[in-house]
Amino acid sequence: MLAQANEADLLEATSRKVAPRSSDLFKVGPQFSETRHHQDIYCKSNDMDVNPILGARIDRGFEMGETGTWIGYKRNYFTLVSSFTFENFDFERFLHNKFYTYEKLSRSSVGENKVEISYFAIRLVAKCSDDDVSISLIQHTPKRDKGPQFPPPIYPAVPGNLPDHSTVRASCNKRNNGKIENMNKIFYFDRAEYYHNANLNALKDNSVLKNYPSDSIARVARFERIQFSSSIRIKSTSVNSRYFTLHVELLGIIEDEDSQIQPILLSSIETPPLIVRGRSPSNYHKDRTSGYRPHGPGH
DNA sequence: TTCGACACATACGT
DNA sequence: GACGTATGTGTCGA
């Protein structure tokens, strides 16, 4: 059974051409690390320390290679979802509170500055795993080449639960309004609807909720049709591939003295090192049946 | 060798 | 089941 699985993986990874719309393209990728904390979060009402827990899953675009490393393709899309919760905070409790953190002051000065968090947000970044240098990611529309490209959005977000892999799979490429609406209930929180049902409005609300920039607020940040920027260098030497990591960051958005919006990195999670295969034909129609890596002159 | 552009093919959603 | 889409990947030429 193990041998069988390996054989299947090998076939998958080395020979067969993949149909462009096959649902097999959805695969769960590598696990993310435990949440790492960068700046503490406190609850305003009682100054209690709040423990954020970030979760994320790659749902498309990476598969495990023969040697156990995770492999993606520069030319192909990947999909990633992420959400966060606060330990011991159910959703209602979150909605009735405000939070603050400390802003690191410049190196020359000492100490930290207490700042209120206007709202929370989730960001996706990629880094080169050697030097921690940021790598740009881009997002396509369904029109791909015919549409514009953007950097992946930073999602203003409230706490939420990560949907199943199958839910993410089912959420892609929907045009039917009813289906889209059902998916939106999973991926978004509707503030206007909440205010209506709770007999509240933005004037009466004095919680963190009122500071979010729009009524449609992510419960789950969904990053679809993401690719590594076409300009990334894949090799560190002519032989060795570089490794990349994907990081999901929980940000606290604050307002500085000049009412400028500014993100503070509160916590993050990351993938293990990833290989991104480039466009070289040697990364495609391989037919070797051993673990041998081709790099000599081919055909 | 690598990249942008265009092309072809094929499973999916409606 | 037909039709339009979305997307992996083949290819050309700078």
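The model shown is predicted, which means the values in this text are computed figures rather than measured ones. In the text below, chain A, chain B and the rest are named by the order of the sequence lines, each starting its count at 1.
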(request) When you get a sec, tell me which of dT2(B), dA5(B), dA6(C) is the closest nucleotide to the side chain of Arg279(A)? (result) dA5(B)
(message) OP1 or OP2 of dG4(B) versus the side-chain N and O atoms of Ser230(A): is any pair under 4.0 Å?
(response) yes
(request) Could you tell me the separation between the CZ atom of Arg242(A) and the P atom of dT2(B), rounded to a whole number of Å? (result) 13 Å
(request) Side chain of Tyr284(A) only, please: which of dG10(C), dG8(C), dT14(B) is the nearest? (result) dG10(C)
(message) Classify Asp145(A) by what it touches in the nucleic acid, base, sugar-phosphate, or nothing, heavy-atom distance under 4.0 Å.
(response) base
(message) Reading DNA chain B from 5' onward, which residue's closest nucleotide shows up sooner: Pro281(A) or Lys146(A)?
(response) Pro281(A)
(message) Taking the cut-offs as 6.0 angstrom to the six-membered ring centre and 45 degrees off its axis, would you call Arg60(A) and Phe78(A) a cation-pi pair?
(response) no
(message) I need the NZ-C1' distance between Lys74(A) and dG8(C), as an integer number of Å.
(response) 16 Å
(request) Could you work out which one of dT10(B), dA6(C), dT9(C) sits closest to the side chain of Val18(A)? (result) dT9(C)
(request) Nearest whole angstrom, please: distance from the P of dT7(C) to the CG of Asp59(A). (result) 14 Å
(request) In whole angstrom, give the distance that lies between atom OH of Tyr77(A) and atom C1' of dA11(B). (result) 16 Å
(request) Starting at atom CD of Glu224(A), determine the distance to atom C1' of dC12(B), rounded to an integer number of angstrom. (result) 14 Å
(request) Report the distance from atom NZ of Lys143(A) to atom P of dT7(C), rounded to the nearest whole Å. (result) 10 Å
(request) Examine Arg219(A) relative to Phe189(A) and say whether NZ or CZ is less than 6.0 Å from the centre of the six-membered ring and inside a 45° cone about the ring axis. (result) no
(message) Once rounded to the nearest 0.5 Å, what's the spacing between atom NZ of Lys114(A) and atom CG of Asp47(A)?
(response) 5.5 Å
(message) Looking only at side-chain N and O atoms, does Thr35(A) offer a donor or acceptor that is under 3.5 Å from a partner on His37(A)?
(response) no
(request) Check whether any side-chain nitrogen or oxygen of Lys179(A) sits under 4.0 Å from OP1 or OP2 of dT14(B), and answer yes or no. (result) yes
(request) Would you indicate, yes or no, if dT9(C) has its OP1 or OP2 atom less than 4.0 angstrom from a side-chain nitrogen or oxygen of Asn283(A)? (result) no
(message) Strictly below 4.0 Å: does Asn76(A) bring a side-chain N or O up to OP1 or OP2 of dT9(C)?
(response) yes
(request) Kindly say if Lys17(A) contacts the phosphate of dG8(C), meaning a side-chain N or O under 4.0 Å from OP1 or OP2. (result) no
(message) Does dC12(B) have its OP1 or OP2 closer than 4.0 Å to a side-chain nitrogen or oxygen of Ser23(A)?
(response) yes
(message) By the 4.0 Å heavy-atom rule, please label Arg169(A) as base, sugar-phosphate, or nothing.
(response) nothing
(request) Measure up the Tyr102(A) and Tyr42(A) rings against each other and bin them: parallel (under 30°), tilted (30 to 60°), perpendicular (over 60°). (result) perpendicular
(message) Both Ala170(A) and Ser280(A) contact DNA chain B. Taking the nearest nucleotide for each, which residue is further toward the 5' end?
(response) Ser280(A)
(request) Would you kindly check whether a donor in the side chain of Arg175(A) faces an acceptor in the base of dG4(C), or vice versa, at under 3.5 angstrom? (result) no
(message) If you assign Arg21(A) and Arg60(A) each to the DNA chain C nucleotide with the nearest heavy atom, which residue ends up on the more 5' nucleotide?
(response) Arg21(A)
(message) The side chain of Arg233(A) is closest to which nucleotide in this list: dA9(B), dC6(B), dT2(B)?
(response) dT2(B)
(message) Whole angstroms only, please: what is the CD1-C1' distance between Ile180(A) and dT14(B)?
(response) 12 Å
(message) Of the options dC6(B), dG10(C), dT14(B), whose atoms approach the side-chain atoms of Lys174(A) most closely?
(response) dT14(B)
(message) Whether the side chain of Arg144(A) and the base of dT9(C) hold a donor-acceptor pair under 3.5 Å is what I'd like checked.
(response) yes
(message) If you take the centroid of each ring, where Trp contributes its six-membered ring, are Phe89(A) and Phe94(A) closer together than 6.0 Å?
(response) no
(request) Would you mind reading off the distance between Leu25(A) atom CG and dT10(B) atom P, rounded to a whole angstrom? (result) 14 Å
